[in-house]
Peer 1: 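Structure incoming, see below.
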Amino acid sequence: APIRWRCSPRPAAACSRRAGRWSTWTAPSSPRRRRWRRTSWRCASASRRRLEVFSPKLARRLSLSSYDVWRCWLALEANPAVCAFCERPARLKGAASPTLDFWVSLRNRPDGEFWLLVGDPDESTSSSGSTDLPRHVHGRPLRPITAALLSSLAIPLANWAQILPYLVSFREHRQPM
């Protein structure tokens, strides 16, 4: 007699996210039981994370590299003084230097400024010469954004994170101001 499946069987190559690891679904020996086996590759580490978001201000998708950059993007979307911005616009000094996180154009500064996420100076154990940042990069001011600044905005950013999906979903239906 043919086996009757309670749910439609998936091919063995179908993948699913389960318990923080990628697993592959294999056909069960019994129709009531499913087996999961781990594959050899794992998810990228948290330092190499990529978050895809849609920006209502720019009307395009953005690719962000960490949750701190995501919080910084939420602050940009929530700030009415921000006219435009761009993620990862340039390098700090040269090819081996860190990438700047945002170029931000404000109403009172249309040529813009660069934003760079930095660690708190109290937590860093490196020498003071390597933690000094230039005040201007590529002819524009550089604003360092610390984790303390982002944590001070935790409640407004949490609220804005709840609002943004609705703005994105209904962007076609809103009336121009």
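One is the number of the first residue; the rest follow in order along the sequence.
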Peer 1: Taking CZ in R60 as the centre, count heavy atoms belonging to other residues, nucleotides or ligands within less than 6.0 Å. Is the count above 12?
Peer 2: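 Count over threshold, so yes.
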Peer 1: Whether the side chain of R107 engages the backbone of P80 through a donor-acceptor N/O pair (distance < 3.5 Å, no angle test) should be reported.
Peer 2: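 Indeed, once roles are kept as given, a pair shorter than 3.5 Å links the two residues.
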Peer 1: Please find the pair of heavy atoms, one from R109 and one from P141, that lie closest to each other, and give the distance.
Peer 2: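 Scanning both residues, the minimum pair turns out to be NH1-CG, 3.4 Å.
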Peer 1: Would you indicate whether the side-chain heavy atoms of R50 and S63 approach each other to under 4.5 Å?
Peer 2: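 A side-chain contact exists here, since the closest heavy-atom pair is under 4.5 Å.
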Peer 1: Supply the atom-to-atom distance L164 CG to F54 CZ, rounded to the nearest 0.5 angstrom.
Peer 2: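 Those atoms lie 11.0 Å apart.
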Peer 1: Checking side chain to side chain donor-acceptor pair (under 3.5 Å) against E113, which of R143, R140, H136 comes through?
Peer 2: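 That would be R143.
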Peer 1: About how many Å separate CG of L149 and CZ of R71, when rounded to the nearest 0.5 Å?
Peer 2: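 Here the rounded value is 12.0 Å.
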Peer 1: Can you see which heavy atom on L74 is nearest to which on A161, and at what distance?
Peer 2: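 Closest approach of L74 to A161, heavy atoms only: CD1-CB, 3.9 Å.
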Peer 1: Please give me the minimum heavy-atom distance between L51 and S66, naming the atom from each residue.
Peer 2: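 Taking L51 first and S66 second, the nearest heavy atoms are CD1-O, 3.6 Å.
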Peer 1: Heavy atoms only: give me the nearest G112-W103 pair and the separation to one decimal.
Peer 2: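 Smallest heavy-atom distance, with atoms named: CA-NE1, 3.6 Å.
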Peer 1: Working to the nearest 0.5 angstrom, can you tell me the gap between F85 CZ and L58 CG?
Peer 2: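 Nearest 0.5 Å value for the CZ-CG distance: 4.0 Å.
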Peer 1: Just one of V137, L100, T99 clears the side chain to side chain contact (heavy atoms under 4.5 Å, CB included) bar with R91, so which one?
Peer 2: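 Between R91 and the candidates, side chain to side chain contact (heavy atoms under 4.5 Å, CB included) is satisfied uniquely by T99.
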Peer 1: With no hydrogens and no angle check, is any side-chain donor or acceptor of S105 less than 3.5 Å from a backbone partner on P110?
Peer 2: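 Yes, because the side chain of S105 sits within donor-acceptor range (under 3.5 Å) of the backbone of P110.
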Peer 1: Parallel, tilted or perpendicular for W70 and W73, by the 30°/60° rule?
Peer 2: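 Ring orientation, 0 to 90° scale: tilted.
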Peer 1: With D101, which of V118, L116, I145 fulfils side chain to side chain contact (heavy atoms under 4.5 Å, CB included)?
Peer 2: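 Only match with D101 under side chain to side chain contact (heavy atoms under 4.5 Å, CB included): L116.
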Peer 1: Of all the heavy-atom pairs spanning L150 and L157, show the shortest one and how long it is.
Peer 2: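 Residues L150 and L157, closest heavy atoms: O-CD1, 4.2 Å.
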